[in-house]
Structure formats: C-alpha cells, structure tokens
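It should be emphasised that the depicted structure is a prediction, and the values quoted were computed from it without experimental measurement. Indexing begins at 1, ligand by ligand and atom by atom, following the structure's order.
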Amino acid sequence: MGCEDQQNTPKSSLRIQDIAVLMQDHCRMLDPAKVERIINEFVQGGPERMQLVSDFDYTITKQRTEDGSVVPSSFGIFNACQSLPESFKTESDKLYHKYRPIEIDPHMPIPEKVQYMVEWWTKSGALATGFPFDQSEIDQIASKYKNALRERTHEFFADLQRLAIPTLVFSAGLGNSVVSVLRQANVMHPNVKVVSNFLQFRNGLLDGFQQPMIHTFNKNETVLDGSEYYNLVHTRDHIIVMGDSLGDADMASGVPASSHIIKIGFLFDHVEANMDKYMKTFDIVLVDDQTMDVPRALLALIEKQHQLKQQSTAESSL
Ligand code: MG7
Ligand code: MG
C-alpha cells in the first residue's frame, strides 16, 4: 500500500550518512532528514525531472581564490572597460555607495527595498547611455576571469549537459559579462540559459539595459512567467538552487508548490554572524567551499540510478 511505502523507506534508498561529500565538516544541514528525503526523490525521478537554477557572481565564480586575487562581479567587469567615460565611473561609484547599504540593510523590509533597487538599476542604465561601446571590451576583461570559476565547474556543466538538465544562470548583474565568462570558460552549452540584464544599443550607441530589469528582489522564476524558458522547465519539478546570497534561495519561487527543491548556499563572508540565517534559508550550507563537488555529487547519484534503470530496461527487452 502507498502509505506503507512512505513509512518504511525502501531498502534501496540512500542514507545521508553514506553520501561522503555531505558528511564533510564544512557542509552543514539544519534538517539532514529532509535533504535525504529529497535526494531520494531526485534519484527516483531521474534527470528528466531535474532543473538547475544558479546565481552567477560568487556562486559560479569563486568567493576566494588561491592567490588571494579579487574576482570582479559581472558589473565590475563592465566598469573596468577602458572606453567608459570618466563620469560614468564616478557616478556609478556614487550610486553603489548610496544603494548597496540599502540592499543589504538587515532592518529595512523588502517591499521598501524594492523601490530603491528599481531606482538603482534604472539610474545605472541611464548612466550607460549615449556613448559607443563594443562587446569585445567586456570579452577582453572577462578572459582574465574564466579561470576564476569554482573548481570542477567545467565538469559540472559537462554533467548537466550529458544529463540534458536545463540550467538557468540567473543574475541581477550584467548578462553580457556573465555570458562572456561562461563562453570563454567553454561551459555555455545549449542547455544553459542566462537570464540577466543585457546592454541595449540604439543607433550604434549604448542605450541602457534591456527589459525586463532583473534586480536583487525580483530574481525568481515569476519574472520568467510565460517565457520560452518557463515552458521548457515548468514540468521539471525537481530543482537544485545554488547561491551565495540569502535572496538567491528564492530564485525558484515561481515554480509549483509541489516541487522538490534543494537549496545550496555558499557561505564565505562573516561566517559566524551569517550562519543562523543561512542554515534557515538553505538546505545545505557550504562554508568556504570553492568547488562544485557537492552539486556534482547529487548529479552523480541521479545518473547512477538512471544508468541502472536503463540497463534493466535493456535487459528485460532482450
Ligand atoms: N549592482 C547593482 N547595480 C550595480 C551597478 O550599477 N554597478 C555595480 N558595480 N554593481 C551593481 O550582481 C548583482 C549585484 O550587483 C550590484 C545596478 C548589486 O549589489 C547586486 O546585488
Ligand atoms: Mg552572487
């Protein structure tokens, strides 16, 4: 009977203590039983039901590099372009110093923050208007950072492609930089879609960002409603979400409530002060982990079971 199945976990199901990567000291879970249950759902459902949604800045790129060099954000890559007018740099810095504290203010309610964020992205788009600009400038700077991706990112994207898992890279940053880094790192496979803010051109001059604006607090699948990508993934109800900021945990909030979601949070800054919130927000919290090993391990479990199923189907049809 169905209810019996739920109570008595089948013998073949995975136990969390047997998944070595999840037992590492720096891998924290508030509710390991929940993670175990969802992993078993993922493994049973197979790759056809999976989708991945990931942030870009400091989630696909490293939070800390071996040689201590700083990795710029996607907006940072744009700002480093030599041909931008001097006034762009000074004005854009001013905006950053005004709005960044609001973005991360732990006391201001989110609805109030939203209007400020819309203001920030709008003013930033207005600054990026009225002068010539060439994508090759971004490409040149991005080429320096294609090695700043987490260890095993290349293998991770190859896994996702092999398993035909739709992969959404969701960024409130600058899409032109995101795509440029991913391309030059050779991970921009056909199953990868970048939803972000892209530069717009008019009469050969820069003309701000294309619509819809993606800011910190609308970065979820509700902005994709009715889009081509939404149609591709809305039946994929097994979701891995990855991010380094608390807001990233909501990236899949537009999906049906019946979905199973594992949220992986990469925590690096102010570990002690942030730990509580990260533990409550993400199912798996990785402290100073600069690799893709944990998400890869989840995919490996899914793939292994999938191969077993395929083998047994092949054998039974002999
Ligand atoms: N962020 C948002 N805006 C800007 C901008 O115009 N310039 C710079 N340098 N940074 C910006 O990756 C998304 C993050 O980028 C920051 C409009 C915000 O902090 C946002 O979370
Ligand atoms: Mg980020």
Side-chain angles (χ1 to χ4, degrees), residues 53-64 70-81 84-85 87-106 108 110 113-129 133 138 141-142 145 148-150 153 168-182 194-200 206 208-220 223 241-251 263-270 274 278 281-282 285-286 289-290 292 295:
V53 183
S54 177
D55 169 53
F56 178 76
D57 286 317
Y58 311 110
T59 296
I60 293 180
T61 53
K62 284 181 178 172
Q63 294 160 304
R64 175 181 62 77
V70 175
V71 182
S73 70
S74 53
F75 272 122
I77 289 177
F78 178 59
N79 291 356
C81 291
L84 299 181
S87 62
F88 175 91
K89 287 215 55 122
T90 47
E91 292 306 309
S92 150
D93 279 354
K94 275 192 208 159
L95 293 179
Y96 192 91
H97 288 111
K98 172 172 179 187
Y99 290 105
R100 177 67 183 163
I102 299 176
E103 183 183 30
I104 57 174
D105 182 343
M108 190 188 292
I110 287 179
K113 289 187 182 194
V114 168
Q115 61 188 43
Y116 287 111
M117 294 305 107
V118 170
E119 240 175 64
W120 186 7
W121 267 252
T122 305
K123 287 182 179 169
S124 176
L127 284 181
T129 297
F133 182 77
I138 289 183
I141 295 171
Y145 298 106
L149 305 188
R150 282 181 189 282
T153 295
L168 174 61
V169 178
F170 216 156
S171 172
L174 190 75
N176 298 64
S177 308
V178 174
V179 170
S180 185
V181 172
L182 295 178
V194 175
V195 171
S196 184
N197 301 293
F198 286 89
L199 295 171
Q200 176 166 267
L206 205 49
F209 308 130
Q210 298 172 28
Q211 292 292 327
M213 172 196 295
I214 314 279
H215 60 72
T216 324
F217 302 106
N218 73 349
K219 202 174 95 159
N220 57 62
V223 299
V241 168
M242 306 193 332
D244 70 298
S245 302
L246 291 168
D248 296 331
D250 292 326
M251 285 188 295
K263 297 175 182 175
I264 302 175
F266 292 96
L267 173 56
F268 178 67
D269 283 318
H270 309 292
N274 281 317
Y278 273 68
T281 307
F282 293 99
V285 177
L286 299 172
D289 180 327
Q290 308 304 326
M292 289 295 189

Nearest non-hydrogen protein atom to atom 16 (C) of ligand 1, with distance, is W120 CH2, 3.8 Å
Taking the six-membered ring for Trp, are F133 and F78 ring centroids under 6.0 Å apart? yes
Does some non-hydrogen atom of L95 fall short of 4.0 Å from ligand 1? no
Looking at every heavy atom in both F282 and A249, which two are closest together, and how far apart are they? CE2-CB, 3.9 Å
Please identify which atoms of ligand 1 are closer than 4.0 Å to at least one heavy atom of G173. 12 (O), 13 (C)
Closest approach of Y99 and M117, non-hydrogen atoms and distance? O-CE, 3.8 Å
Does L95 reach the side chain of K98, with side-chain heavy atoms less than 4.5 Å apart? no
Looking only at heavy atoms, what is the nearest atom pair of F266 and D289, with distance? CD2-O, 3.5 Å
To check your reading of the model: name the closest protein heavy atom to atom 6 (O) of ligand 1, its residue, and the distance in Å. S124 OG, 2.7 Å
Nearest candidate to atom 20 (C) of ligand 1, where distance is taken over non-hydrogen atoms, out of E119, K219, E103: E103
For the atom pair CD (Q210) and CG (N176), what is the distance rounded to the nearest 0.5 Å? 7.5 Å
Which of the atoms of ligand 1 are close to Y96, meaning less than 4.0 Å from one of its heavy atoms? 8 (C), 9 (N), 10 (N)
Has ligand 1 got any nitrogen or oxygen that is less than 3.5 angstrom from a nitrogen or oxygen of S74? no
Quick test of your reading of the structure: of Y99, F88, F75, F78, whose heavy atom lies closest to atom 8 (C) of ligand 1? F75
Any non-hydrogen side-chain atom of T216 less than 4.5 Å from a side-chain atom of W121? yes
Is there a nitrogen or oxygen of S73 sitting under 3.5 Å from a nitrogen or oxygen of ligand 1? no
Is it true that some N/O/S atom of D55, main chain or side chain, lies under 2.8 Å from the Mg ion (ligand 2)? yes
Starting from atom 17 (C) of ligand 1, locate the nearest protein heavy atom and write down its residue, its atom name and how far away it is, to 0.1 Å. W121 CD2, 3.5 Å
Determine whether Y116 and K113 satisfy the following criterion, side-chain contact (heavy atoms from CB on, under 4.5 Å), listing intermediate values before the conclusion. CA-CA 5 Å; Y116 287 111; K113 289 187 182 194; 5.5 Å; no
What are the atoms of ligand 1, with element, lying closer than 4.0 Å to any heavy atom of A172? 13 (C)
What atoms of ligand 1 come closer than 4.0 angstrom to any heavy atom of R100? 19 (O)
I need the nearest protein heavy-atom contact for atom 12 (O) of ligand 1: residue, atom name and distance, please. D57 OD2, 2.9 Å
Quick test of your reading of the structure: of T216, L174, I77, N79, whose heavy atom lies closest to atom 9 (N) of ligand 1? N79
Could you tell me whether atom 14 (C) of ligand 1 has a protein heavy atom closer than 4.0 Å? no
With rounding to 10 degrees, D57 O, the Mg ion (ligand 2) and D244 OD1 define an angle of 90°
Any side-chain heavy-atom pair from F209 and L199 closer than 4.5 angstrom? yes
From the options S54, S74, S73, select the one residue that forms a side-chain contact (heavy atoms from CB on, under 4.5 Å) with S171. S74
Working for side-chain contact (heavy atoms from CB on, under 4.5 Å), residues F56 and L182: CA-CA 10 Å; F56 178 76; L182 295 178; 3.9 Å; yes
